[in-house]
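Structure first, then comments.
Numbered from 1 within each chain, the chains take letters A, B, ... in sequence-line order.
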Protein chains: 2
Amino acid sequence: MNVQFKKGVLELCVLALTAKADRYGYELVHRLSETLEIAEGTVYPILRRLTKEGLFTTYLAESSEGPPRKYYHLTTKGEQYLADQVREWREFYTSVNQVIEEDASP
Amino acid sequence: MNVQFKKGVLELCVLALTAKADRYGYELVHRLSETLEIAEGTVYPILRRLTKEGLFTTYLAESSEGPPRKYYHLTTKGEQYLADQVREWREFYTSVNQVIEEDASP
DNA sequence: GCCACTACTAAACAATGCAAGGTACTGAAA
DNA sequence: TTTCAGTACCTTGCATTGTTTAGTAGTGGC
């Protein structure tokens, strides 16, 4: 998996998954690993940063299978930011595909 | 335009455009600026790097409108690399869209 | 000669993913 | 009881790569 492709997009994926339901870090790592290869050391800094920026609130919940989980909940500000990012992402990959296809089949 | 999205993809775009025809740097900057916002100082380092890696050969051609242009020509190695990158790109954005849509319309 | 445009280069800077390391709780196997 | 695997969290330093900013140099019009 091309590491460079992921830049900035992982943040978008974390936001998107958390919009569907509150998530905890470990869960996000494993969910995202199914399709995109992603490391723990990548996810936690993103969560910290986005929480600091007010896009997430957090709360702890006990688990029967290990230490308590820190859940992340998307704020209203987070939802707006996510919507913007999704729009930008769509514009972006459409542009890239135009450049590629322009070339692949002229 | 999200700066981080561009990382890694610019290389792909430069390769894709050069696969269609030999290009010179200034031309690439202006073509790519049409869709992605991009600076001169970004393109030339990519060209230098890819040339060093054997994906491009270069030659000079005179221009009636300024100094001679340095054209970049994709090598066979470059074509193979491009094909790989395009395949990876398609897999990548498909995965990202799955994650986003999973969330946007469940 | 001077200026705008074209073409390219160089160096310091910033953002972000990753590897590697650490802490700590639970339950089952030894 | 000790040990190990699985769960869950977090931090640090590194590598990669685009950006910013500045600079060099040729051409043609004023």
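- As judged by a 4.0 angstrom heavy-atom cut-off over every strand, A/L10 is placed among residues touching the sugar-phosphate backbone only.
- Protein atom CZ of B/F56 is 16 Å distant from nucleotide atom C1' of C/dC8, rounded to whole Å.
- Between A/Q98 and A/Y93 the shortest side-chain heavy-atom distance does not fall below 4.5 Å.
- Rounded to whole angstrom, the span from the CG atom of B/L28 across to the P atom of C/dA7 amounts to 11 Å.
- Comparing B/Y72 and A/K6 by the nucleotide of DNA chain C whose heavy atom lies nearest to each, the residue mapping closer to the 5' end is B/Y72.
- The shortest side-chain heavy-atom distance between A/L55 and A/T51 does not fall under the 4.5 Å cut-off.
- Using modelled atom types, one side-chain atom of B/E88 and one backbone atom of A/N2 make a donor-acceptor pair closer than 3.5 Å.
- No side-chain heavy atom of A/T75 sits under 4.5 Å from any side-chain heavy atom of A/F56.
- Proximity of B/K7 to the phosphate of C/dG17: no side-chain N or O atom is located under 4.0 Å from OP1 or OP2.
- The nearest whole Å value for the distance from the CG atom in B/L12 to the C1' atom in D/dT17 is 15 Å.
- Nearest heavy-atom pair across A/V99 and B/A16 is O-CB, 4.3 Å.
- Atom OH in B/Y24 sits about 9 Å away from atom P in C/dC8, given to the nearest Å.
- Between B/G25 and A/I38, the residue anchored closer to the 5' end of DNA chain C is B/G25, taking for each the nucleotide with the nearest heavy atom.
- Between the P atom of D/dT17 and the CZ atom of A/F5 lies a distance of 11 Å, rounded to the nearest Å.
- Side-chain contact between A/R23 and A/R31 is present, with heavy atoms from C-beta onward closer than 4.5 Å.
- Residues A/D22 and A/H73 come closest through the heavy atom pair OD1-ND1, 2.8 Å.
- Of the residues near DNA chain D, A/Y26 and B/R49, the one whose nearest nucleotide (by heavy atom distance) lies more toward the 5' end is A/Y26.
- Following rounding to the nearest Å, A/I46 (CD1) and C/dG17 (C1') show an atom-to-atom distance of 8 Å.
- When the nearest nucleotides of DNA chain D are assigned to A/Y71 and B/V43 by heavy-atom distance, the more 5′-ward of the two goes with A/Y71.
- Using a 4.0 Å cut-off, some side-chain N or O of B/R48 falls inside it from OP1 or OP2 of C/dA10.
- Atom-to-atom, CD of A/Q4 to C1' of C/dA15 comes out at 11 Å; the value is rounded to the nearest Å.
- Atoms CG (A/D22) and P (D/dA8) sit 15 Å apart, rounded to a whole Å.
- Ring pair A/W89/B/F92 is perpendicular by interplanar angle, where above 60° counts as perpendicular and below 30° as parallel.
- Side-chain N/O atoms of A/Y44 include none lying less than 4.0 angstrom from OP1 or OP2 on D/dC10.
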Give me, pair by pair, the N or O atoms of the protein and of nucleotides 20-30 of chain C that are less than 3.5 Å apart, along with how far apart they are.
residue, atom, partner, partner atom, Å
C/dT26, O3', A/S64, O, 3.4

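- Here A/E37 lies in heavy-atom contact (under 4.0 Å) with sugar-phosphate atoms only.
- Among the nucleotides D/dT11, D/dA8, D/dT20, the one closest to any side-chain atom of A/R69 is D/dA8.
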